[in-house]
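The structure appears right after this line, and notes come after that.
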Amino acid sequence: MRTAVLPSFAEIVTAGAKVDLGEVDAARVVHAEQAFRVVAPLPVEGRVRVTARVTEVLDKGSGALVRTEADAVDASTGELVLTSAKTLFLGGEGGFGGTRRDSVPSPVPDRAPDHEVTYRTTPGQALLYRLTGDRNPLHSDPAFAAKGGFDQPILHGMCTYGFTPRALVATVCGGDARRLVAMDARFTRPVVPGQSLTVSVWDTGGGTVAFRTTVDGEVVLDRGSAEVTASSPAA
């Protein structure tokens, strides 16, 4: 059996490349959107150089929406391996008279999904996800979570995000992770460790799919879109 890397590992590769957002209240920073694109199937080993930059700052009134992008290039050749993009909502940092982006239509069709997959998270899921290097106390410290308005520590948004490509690979990719080349989604509400995630998937044609992830009928990951190749690309 050939070993393949789940393409959402691109987010782990670029996670360490951070930008300076200044003095903001960490308890009021909310992960709003996330996306990745891989140039080719990720190798099972290798080295990359990662750089990150701020690409957009929007004024949402009650806060600021900051988009950052990161590129990972092969350390030996300098060739682009993958890109990722993250959007953060900084509570209390709005009202500076900046640009407001217009909303775009959701790619999710108004019909029954073509596929549905449910995964149950464990009560210790957030503590396990911390092994990726994300040590934000919002996901482990009840007192810190309370400062953010939560009754208990919540699951990392990226952990919820990480369950979703598993469903895409299992359904529209026929179990072949190398066929998933890009994914984009918006976080809409927190998930508590131990809850079950249901991923609904729509095949929208032309190598594109749409998806939405819910918990007990409540949407937690929305406006999801992904690109899938028709066959396995060469590694």
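Quantities reported herein were computed from a predicted structural model and do not represent experimental measurements.
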| Student check: side-chain heavy atoms of T213 and V219 closer than 4.5 Å | no
| said: Quick one: does any side-chain atom of R212 pair with a main-chain N or O of D222 as donor and acceptor, under 3.5 Å? | reply: no
| Is there a side-chain contact between L65 and L88 (heavy atoms, below 4.5 Å)? | no
| Is any side-chain heavy atom of V215 less than 4.5 Å from a side-chain heavy atom of L197? | yes
| said: Keeping D59 on the side-chain end and G94 on the backbone end, is there a donor-acceptor pair under 3.5 Å? | reply: no
| note | V5 and A177 have their tightest heavy-atom pair at O-CB, 4.1 Å
| remark: Nearest heavy-atom contact between Y161 and A185 is CE1-CB, 4.3 Å
| If you measure only the distance, is there a donor-acceptor pair under 3.5 Å linking the side chains of D74 and S76? | yes
| task | Tell me whether F211 is reachable from V181 by hopping between hydrophobic residues (I, L, V, M, F, W, Y) whose side-chain heavy atoms are closer than 4.5 Å. | result | yes
| request: Decide side-chain contact (heavy atoms from CB on, under 4.5 Å) for V201 and L168; before the verdict, give the C-alpha distance in whole Å, the side-chain angles of both, and the deciding distance to 0.1 Å. | output: CA-CA 7 Å; V201 185; L168 297 178; 3.9 Å; yes
| said: So which atom in A170 and which in Y119 form the shortest heavy-atom distance, rounded to 0.1 Å? | reply: CB-OH, 4.4 Å
| task | Nearest 0.5 Å please: distance from the CG atom of L221 over to the CZ atom of R186. | result | 11.0 Å
| message | Applying a strict under-4.5 Å side-chain criterion to I, L, V, M, F, W and Y, I'd like to know whether V50 and V38 cluster together. | response | yes
| Roughly how far, to the nearest 0.5 Å, is the OG1 atom of T55 from the NZ atom of K86? | 12.5 Å
| request: Starting from the C-alpha separation in whole Å, work towards a yes-or-no answer on side-chain contact (heavy atoms from CB on, under 4.5 Å) for V30 and F187. | output: CA-CA 9 Å; V30 178; F187 301 100; over 6 Å; no
| said: Applying side chain to side chain contact (heavy atoms under 4.5 Å, CB included), can you list everything that pairs with R37, at least two apart in sequence or on another chain? | reply: T83, A182, E227
| R189, CZ atom: more than 12 neighbouring heavy atoms under 6.0 Å | no
| Which heavy atom in L42 sits nearest to a heavy atom in L6, and how many Å separate them? | CD1-O, 4.3 Å
| message | Can you see whether T118 engages T198 through a side-chain donor-acceptor pair at a distance of less than 3.5 angstrom? | response | yes
| field | Option from E33, E56, H31 for which side chain to side chain donor-acceptor pair (under 3.5 Å) with T87 holds | value | E33
| query | Quick check: does any side chain N or O of W202 sit under 3.5 Å from a backbone N or O of H115, one acting as donor and the other as acceptor? | reply | no
| task | Kindly indicate whether the side chain of H139, heavy atoms from C-beta on, has any atom under 4.5 Å from the side chain of Y129. | result | no
| If you measure from CZ on R166 to OG on S8, what distance do you get to the nearest 0.5 Å? | 10.0 Å
| request: Report yes or no: do V39 and L180 belong to one cluster of Ile/Leu/Val/Met/Phe/Trp/Tyr joined by side chain heavy-atom distances under 4.5 Å? | output: no
| Please walk me through it: do T122 and L128 pass side-chain contact (heavy atoms from CB on, under 4.5 Å)? | CA-CA 9 Å; T122 68; L128 180 62; 5.7 Å; no
| Test item: P153 and P142 side chains (from C-beta on) under 4.5 Å apart, heavy atoms | yes
| request: Verify side-chain contact (heavy atoms from CB on, under 4.5 Å) between F36 and T14, making sure each step is shown before the conclusion. | output: CA-CA 10 Å; F36 73 82; T14 56; over 6 Å; no
| field | Separation between CG of D134 and NE2 of H156, rounded to the nearest 0.5 Å | value | 4.0 Å
| task | Taking the side chain as every heavy atom from C-beta outward, state whether M158 and Q34 have any atom pair closer than 4.5 Å. | result | yes
| said: Let me confirm one number: the OG1-CG distance from T77 to L80, rounded to the nearest 0.5 Å. | reply: 10.0 Å
| query | Side-chain donor-acceptor pair under 3.5 Å between S140 and R130, yes or no? | reply | yes
| note | In terms of heavy-atom contacts, S196 and R120 come closest through OG-NH1, 3.2 Å
| said: Same cluster or not: F9 versus V44, using hydrophobic residues (I, L, V, M, F, W, Y) connected whenever any side-chain heavy atoms lie under 4.5 Å apart? | reply: yes
| Does any non-hydrogen side-chain atom of P190 lie less than 4.5 Å from one of F150? | yes
| hydrophobic_cluster_shared for F89 and L138, side chain cutoff 4.5 Å | no
| Are the side chain of T121 and the backbone N or O of P193 linked by a donor-acceptor pair below 3.5 Å? | no
| task | Determine yes or no for a side-chain-to-main-chain donor-acceptor pair under 3.5 angstrom, with S200 supplying the side chain and P113 the backbone. | result | no
| said: Counting neighbours of CZ on R135 that are heavy atoms of other residues, nucleotides or ligands and sit closer than 6.0 Å, is the number greater than 12? | reply: yes
| request: Determine whether Q125 and C159 make a side-chain contact, defined as any pair of heavy atoms from C-beta on separated by less than 4.5 Å. | output: yes
| To the nearest 0.5 Å, how far apart are CG in D203 and CG in D114? | 6.0 Å
| message | Restricting to non-hydrogen atoms, name the atom on R179 and the atom on G174 that form the minimum distance, rounded to 0.1 Å. | response | NH1-N, 4.0 Å
| field | R223 and D184 ion-paired at < 4.0 Å | value | no
| said: Closer than 3.5 angstrom, by distance alone: can the side chain of T204 be matched with the main-chain N or O of T208 as a donor-acceptor pair? | reply: yes
| note | Those residues at least two apart in sequence (or on a different chain) that pass side chain to side chain contact (heavy atoms under 4.5 Å, CB included) with V24 are V29, L90, E93
